[in-house]
Amino acid sequence: MDSTEKRIYIFDTTLRDGEQSPGASMNPSEKLRIARQLERMGVDIIEAGFPIASEGDFLSVQQIAREIRGAQIAGLARANNEDIDRAWEAIRDAANPRIHTFISSSDIHLKYQLRKSREQVLKEAIAAVERARSYTTNVEFSPMDATRTDKVYLCEMVEAVIAAGASTVNIPDTVGYAIPHEFGSLIAHLCEKVPNISQAVISVHCHNDLGLAVANSLSAVLNGARQIECTINGIGERAGNTAMEEAVMALRTRKDLFGYSTGIKTENIYQSSRLLTQITGIPVQPNKAIVGANAFAHESGIHQDGLIKEKITYEIMTPQSVGISDTHMVLGKHSGRHAVQEHLKKMGFNLTDPELNRVFVRFKELADAKKNIFDEDLEAIIYEELYREEEKYKLIYLNVVSGNIAIPTATMQMEVDKEIVRDAGFGVGAVDATFDAIRKITRTNYDLLRYAVNAISGGTDAQGEVTVQLRFNGRSVVGHGADLDVIVASARAYINALNRLEFLKRDANKIKAEYE
Ligand code: KIV
Ligand code: ZN
């Protein structure tokens with residue numbers, strides 16, 4: 001991108017707001033992997049977490065701040081000294097650290113949640129920005145629930161925090177209430193009425209409760225916003241946040257209208273989306289814009305006819321521009337180590353020699369059992385072989401007897417804290433029996449909230465990708481597993497969820513943050 005071009009800054013909050021999606025909790029090494037991918041993609045600011053929330057969050061933000069050099073690292077803090085000091089402690093080693101502090105500004109929040117007056121909240125907002133400024137000039141302030149805040153009070157608060165030193169003012173549509181033209185007008189109103197507004201970057205942070213987060217963010221850009229807060233695949237509280245891939249591709253595809261560029265290397269979008277799905281187990285709906293399985297699939301004969309004649313007839317952007325390769329199916333049992341390595345590089349995975357050796361062994365095993373190996377198969381191998389943490393529970397073997405005349409029975413051996421344990425389970429079907437065996441072996445019995453099976457690629461020899469969601473103490477965790485045998489994939493997914501739950505339990509003191 002030409003450095004003179006007008007820029008929209010991309011502030012990614014996948015690791016903070018995104019992690020607030022039910023079941024999306026990630027462990028520190030997974031967060032670091034996402035952060036590295038965000039850096040590779042060219043994100044300007046990575047909100048790495050909410051350091052005061054728990055010891056685990058603190059350490060994870062600190063690790064990201066120390067490792068990532070190519071993006072600013074933000075830490076979230078409520079408007080009080082303790083939060084701000086903790087956030088600074090976590091991010092201080094970053095190449096360019098940012099403190100993001102917030103307090104509610106709507107009368108609804110002030111009356112029912114904070115139980116404080118407007119004057120009191122204004123004072124706390126100013127004090128918070130001053131405190132943050134004592135550490136860094138890179139300070140972002142958010143008046144939470146801005147879209148339901150009295151406009152005069154909002155202007156007063158924005159002016160005051162800029163005067164106190166905020167370099168970015170973020171306008172959150174916390175409950176996803178705004179409508180695009182209204183949200184755009186709000187940004188225009190701030191630009192017009194706040195005398196010192198030009199001293200700060202205006203940012204927007206939109207939730208998707210009415211399905212309008214991306215539209216609201218774009219409307220804000222047309223009216224003066226220069227930073228968009230967003231997440232990969234649009235994950236986040238409730239219905240989620242602005243989907244980064246959608247906002248970025250809209251700006252790029254309709255540059256004629258917006259006239260702005262972002263620093264995002266859009267060819268990394270698809271891989272980032274897949275990585276997040278692999279890590280969180282939260283699938284992307286097939287019709288999701290940009291990264292859904294059908295986003296570039298043309299079904300109608302008339303459309304296909306047009307495309308054959310000239311792509312521009314029905315294609316407003318190419319799949320390649322978001323990193324979806326046209327040669328999807330490539331490898332098979334005759335593919336050598338070098339071919340696998342080269343293909344992985346094209347997919348964005350630069351493995352070390354020992355890593356490649358491990359992946360290649362799994363690839364060969366799979367290629368012996370299955371004719372064609374797809375990108376998704378390779379991703380599943382990489383995730384299972386390289387990215388799994390040191391785990392409390394491991395599957396050693398599983399044998400299932402099932403059918404319409406037998407009582408479904410699963411005999412299973414597992415490693416639990418390095419001890420070998422075996423048992424048998426029974427159920428109404430093969431999966432039920434398998435889960436019964438796991439529960440007996442691990443002496444656990446969590447509520448199963450969701451069980452879903454998906455074929456990674458086409459054909460009856462496709463790997464099954466299973467997602468299992470368990471509930472623990474009001475929080476939920478998602479596990480996933482892949483295998484040619486869906487029962488084995490189910491066992492892997494359940495065990496993965498249990499291992500993730502162990503991490504969550506260690507971090508159980510995490511406070512329920514006072515924000516949506
Ligand atoms: O939605 C919201 O208001 C937030 C703030 C902390 C920016 O996430
Ligand atoms: Zn939010």
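First listed ligand is number 1; within each ligand, the first listed atom is number 1. Residue numbers start at 1 and run along the sequence shown.
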Is Asp17 close to ligand 1, meaning an N/O of one under 3.5 Å from an N/O of the other?
yes
Is Arg7 salt-bridged to Asp44, cutoff N-O under 4.0 Å?
yes
The atoms of ligand 1 lying under 4.0 Å from a heavy atom of Met144, numbered in the order shown, are 3 (O)
The Zn ion (ligand 2) - closest N/O/S atom in His205
NE2
Are any side-chain N or O atoms of Ser219 and backbone N or O atoms of Pro180, one a donor and one an acceptor, separated by less than 3.5 Å?
yes
Could you tell me whether Arg148 and Asp173 have a side-chain N and a carboxylate O separated by less than 4.0 Å?
no
Using distance alone, determine whether Arg16 and ligand 1 share an N or O pair under 3.5 Å.
yes
If only side-chain N and O atoms count, and only distance matters, is there a donor-acceptor pair under 3.5 Å linking Glu229 with Thr13?
no
Which atom, among the N/O/S set of Asp17, is closest to the Zn ion (ligand 2)?
OD2
His205-ligand 1 polar pair, N/O distance under 3.5 Å:
yes
Report, in ascending order of atom number, the atoms of ligand 1 lying under 4.0 Å from any heavy atom of His207.
1 (O)
Would you kindly specify which portion of Thr174 sits under 4.0 Å from ligand 1, judged on non-hydrogen atoms: side chain, backbone, both or neither?
both
Decide, yes or no, whether a salt bridge links Glu30 with Arg500 under the criterion of side-chain N to carboxylate O below 4.0 Å.
yes
Would you call Asp57 and Arg16 a salt bridge, taking side-chain N to carboxylate O under 4.0 Å as the test?
no
